[in-house]
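All values below were derived from every heavy atom in this structure, side-chain atoms included, with hydrogens, water molecules and symmetry-related copies excluded.
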Amino acid sequence: MSTTPYGSSLLVAWQLKSRHVLIVGGGDVASGRIESVLVADARVTIICPSTGLHPLTKKFIDGPHQITYHDRVFGGADDLIGIDMVLTAIDDVSQSRVIYALCRERKIPVNVADIPESCDFYFGSQIRDGPLQIMISTNGQSPKLANLIKQKIERSLPDQAGNAIQRVGELRAMLKERAPGVGGQVSKRRMKWMVDICTSWEMEELATLNKEMMKRLLDDGWENNAIPRPEAVGGIRKRTTSTTSSFGTFVLPSLAFAAGVAAATVLFTSRTR
């Protein structure tokens, strides 16, 4: 496997909730961008003549989303006032470069479709399953290969992965309420106990956790420094093959960590108005 220690991108989970995203364009590519930022709970403004709207874009505009739509072309710097991110997906390369230059002057992160050198960030192929998000990036080199790799990874993921992460996150939140504190021995013990739960239970078992089972886990497990079996707290023990067990050995420990960092916020704070 080749390695590239330098020149790659920094992959981050960018929190866009309530942030204002401008999308210039409304065609096929733009519709995918719109869907991505809507899933992230962004406020969206779309600028595109109605004659260029893709059916999916029209559906988003007509739906119950935080979208402001302008039936026109990009109007210049005034369209960037109050904007936190800009995505362009238009056929006019010259206009795209103008928008890019305006964004750079104002320190607004911008992505210009199909022009990698005019992008502050890239859109990779994404896998979503509830709170689970996996991105495959080729640093703008080959979107098609990124999509093919995504399909291979998607087929290898276990069922109920997203539900399992959701339940583990809820259990962790309940544990933090019962044993609060940042750092120190309590924090270390919490982390170890959550890791032990994730490595002792199968993915499907974690996905079946409910509030009552979580309470019993904390009462019988956490309080006694033990790891109860699923059936001991009201669940059903799953029979597993060696392949599944191997997967759990290597992947399930990451669930506790993933649940712990799911709410981390990555923001660009260097922007000036």
Exercise. Kindly determine whether Met191 and Lys188 satisfy side-chain contact (heavy atoms from CB on, under 4.5 Å), including the steps that lead there.
Key: CA-CA 5 Å; Met191 181 178 294; Lys188 291 179 180 178; 5.9 Å; no

Is it the case that [X] and [Y] place a side-chain donor and acceptor less than 3.5 Å from each other?
| X | Y | result |
| --- | --- | --- |
| Gln160 | Asn163 | yes |
| Arg97 | Gln95 | no |
| Thr45 | His20 | yes |

Does a sphere of radius 6.0 Å around [atom1] in [X] hold more than 12 heavy atoms from other residues, nucleotides or ligands, not counting ones at 6.0 Å or beyond?
| X | atom1 | result |
| --- | --- | --- |
| Arg128 | CZ | yes |
| Asp129 | CG | yes |
| Asp91 | CG | no |

Can any side-chain N or O of [X] pair as donor or acceptor with the backbone N or O of [Y] at less than 3.5 Å?
| X | Y | answer |
| --- | --- | --- |
| Arg190 | Ala179 | yes |
| Tyr100 | Thr88 | no |
| Asp92 | Ser94 | yes |
| Ser9 | Leu11 | no |
| Asp120 | Val110 | yes |
| Lys150 | Gln126 | yes |
| Glu170 | Arg167 | no |

Quiz item: Is Arg43 salt-bridged to Asp84, cutoff N-O under 4.0 Å?
Solution: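 Judged by the 4.0 Å cut-off on N to carboxylate O distance, Arg43 and Asp84 do not form a salt bridge.
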
Self-check item: Salt-bridge contact Asp196-Lys192 (side-chain N to carboxylate O under 4.0 Å)
Solution: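 Result for this pair is yes, salt bridge flagged.
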
For residues 213-221, dump all side-chain donor-acceptor pairs below 3.5 Å to protein atoms at least two apart in sequence or in another chain.
residue	atom	partner	partner atom	Å
Lys215	NZ	Asp219	OD2	2.9
Arg216	NH2	Ala232	O	2.7
Asp219	OD1	Arg178	NH1	2.8
Asp219	OD1	Arg178	NH2	2.9

Quiz item: Going through the checks in order, is the side-chain contact (heavy atoms from CB on, under 4.5 Å) test met by Val24 and Ile46?
Solution: CA-CA 6 Å; Val24 182; Ile46 301 172; over 6 Å; no

Quiz item: Is the charged tip of Arg229 near the ring of Trp201: under 6.0 Å from the six-membered ring centre and within 45° of its axis?
Solution: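 That pair does not qualify as a cation-pi contact.
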
Quiz prompt | Remaining members of hydrophobic cluster (4.5 Å side-chain criterion), Leu148 | solution =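 In the cluster with Leu148 are Leu145.
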
Quiz item: Which residues satisfy the side-chain hydrogen bond (donor to acceptor under 3.5 Å, both in side chains) test with Ser31, sequence neighbours excluded?
Solution: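 Counting only residues at least two positions away or on another chain, Ser31 forms no side-chain hydrogen bond (donor to acceptor under 3.5 Å, both in side chains).
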
